Amino acid sequence: MMRLRALVMATLAVPALAGEIPLAERRSDTLTMSSELRAMQADDAANPASFSVLDGEALWRVRAGASGKSCADCHGDGAQSMRGVAARYPAFDSASGRVLDLEAKINQCRTERQGSAALPMESRDLLGLATYVGRQSRGLPIVSDDPRLAPAIDRGRALFTARQGQLNLSCAICHDDHWGRKLGAATVPQAHPTAYPLYRLEWQSVGSLQRRLRNCMVGMRAEPYPMGSDEFIAIETYLMSRGRGLAMETPGVRP
Amino acid sequence: MLRLILALGAVLLGMAGAGAQTLPPILNDAMPASLTGAPGDVARGRAIVANRQVGLCLLCHSGPFPEERFQGDLAPDLNGAADRYSQGQLRLRIVDPSRINAQTIMPAYYKTEGLNRVLGPFAGKTILNAEQVEDVVAFLMSLRGEKTP
């Protein structure tokens, strides 16, 4: 009897969660879009985010700040030097001991190496540089193998599975347990970070992964973390680890 | 000091909201008594359920709403809800479904406790007010053996 009770209690206590998506079932959410949007993403001439890549490419060569140097003066041709970089960001930064996402790394170079001002989050210039650097990883698999990222990945996972907001939902409830289902008109995606920054039709503009995370938190009626916060970077780091092996698609297009 | 007063104010506000002490009693898996003491309105309830900013129900559920093109499939169809549940069971399901299934993903529509990082404008507020809950319950009680057209 005791054993039966214990068994029933244990069964009740098990969360009704499916858990992380098995690696073999992980796939980019590009595949759930309409064929028109997929074609738009794949064709540079039709992809509205191409303008952002061109912005970034131009800025790459602009000398700025106390150093009087451009990104190109130190890094040369971005198509060579930045190949594969975005596929392994956020990365551990030994100098600061922090985990930095691509935008934060670019701003670190701006302030500490170029001697110029940090670019505001979601500004045209920062999105341009991030999209340009991201473009150089298109088609390359996401790499997440630095053991120094483990604390950020764990924290990101904890935030991903925590219930938040007035609706008391977690990211995992939608993106691990109900991907592929219909949430009203939207198909719930697996939420991989492969295509950011990207052009979202609803935004009518290019936006970062953090902007997307902000949207989901507001949808849950949860107070979003500040842009650039360690919390958002932890979630980004977890998403990259969760999406490891998937091909980068920056710059993407979304409905 | 100001922060202390603000924090205290927030606590008091929270208590003045939909505190459990103001709720009618729960008997087994049901809350038999109305939150307002009065019956709800079916038409108003239908409008709340269909509204994606107010009831949010159709994000997860489908139901007899031929005019609503996009309905969710994260949860059972609402058709025939009154065949399966009593009024009191439906009321508890809306007020706080975690009383029925601790792991449920359905939000508690008349509860403010136990939530984290609630977005500013919603902090300390229930998703629906007592009248709206009763309207939704009245609408659900009208769903008897209907078929999705």
Side-chain angles (χ1 to χ4, degrees), chain A residues 8-19 32 34 155 158-190 202 213-226 229-232 234-235 255, chain B residues 10 14 17-18 29 49-63 65 67-78 94-129 148:
Chain A
V8 171
M9 297 293 284
T11 319
L12 285 175
V14 171
L17 294 178
T32 60
S34 67
R155 185 172 186 203
L159 296 171
F160 195 80
T161 50
R163 297 240 192 183
Q164 303 196 53
Q166 194 193 35
L167 305 186
N168 206 25
L169 294 168
S170 71
C171 320
I173 284 176
C174 286
H175 295 302
D176 281 345
D177 301 342
H178 293 97
W179 63 269
R181 302 279 200 87
K182 283 286 178 200
L183 182 77
T187 304
V188 180
Q190 291 190 354
E202 191 181 309
L213 303 184
R214 225 189 123 79
N215 282 189
C216 276
M217 290 191 78
V218 170
M220 298 154 75
R221 300 189 178 174
E223 196 64 51
Y225 302 111
S229 62
D230 285 346
E231 285 91 346
F232 267 159
I235 296 176
Chain B
D29 63 344
V49 169
N51 188 312
R52 280 148 218 266
Q53 273 80 49
V54 181
L56 313 158
C57 318
L58 296 190
L59 289 177
C60 295
H61 289 276
S62 52
F65 300 89
E67 75 283 13
E68 293 289 334
R69 235 179 103 205
F70 300 109
Q71 307 190 10
D73 67 1
L74 269 58
D77 195 291
L78 294 176
I94 305 302
V95 166
D96 184 1
S98 73
R99 300 272 194 156
I100 299 157
N101 168 9
Q103 261 77 45
T104 188
I105 64 165
M106 178 162 156
Y109 280 86
Y110 199 67
K111 181 177 152 178
T112 52
E113 314 88 62
L115 302 175
N116 302 310
R117 287 191 81 83
V118 177
L119 188 63
F122 301 105
K125 299 204 179 102
T126 54
I127 303 174
L128 297 179
N129 64 33
T148 313

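Naming: A, B, ... by sequence-line order, numbering from 1 per chain. Just so you know, these numbers come straight off a predicted model, no measurement behind them.
- Residues A:Met220 and B:Arg117 are not in side-chain contact: their nearest non-hydrogen atoms beyond the backbone lie 4.5 Å or more apart.
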* To do: Evaluate the criterion side-chain hydrogen bond (donor to acceptor under 3.5 Å, both in side chains) for residue pair A:Thr187 and A:Lys182; output intermediate values, then yes/no.
  => CA-CA 5 Å; A:Thr187 304; A:Lys182 283 286 178 200; 2.7 Å; yes
* To do: May I have the step-by-step check of side chain to side chain contact (heavy atoms under 4.5 Å, CB included) for A:His178 and B:Ile105, ending in yes or no?
  => CA-CA 11 Å; A:His178 293 97; B:Ile105 64 165; 3.7 Å; yes
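- The part of A:Met217 that comes within reach of chain B is its side chain, from C-beta onward, which places non-hydrogen atoms under 4.5 angstrom from that chain.
- Between chain B and the options A:Arg221, A:Arg181, A:Arg163, heavy-atom pairs under 4.5 Å are most frequent for A:Arg221.
- With a 4.5 Å cut-off on non-hydrogen atoms, A:Leu183 touches chain B through its backbone and its side chain both.
- Of all heavy-atom pairs spanning B:Asn129 and B:Tyr110, the tightest one is C-CE1, 3.9 Å.
- B:Ser98 does not touch chain A: none of its heavy atoms, backbone or side chain, sits under 4.5 Å away.
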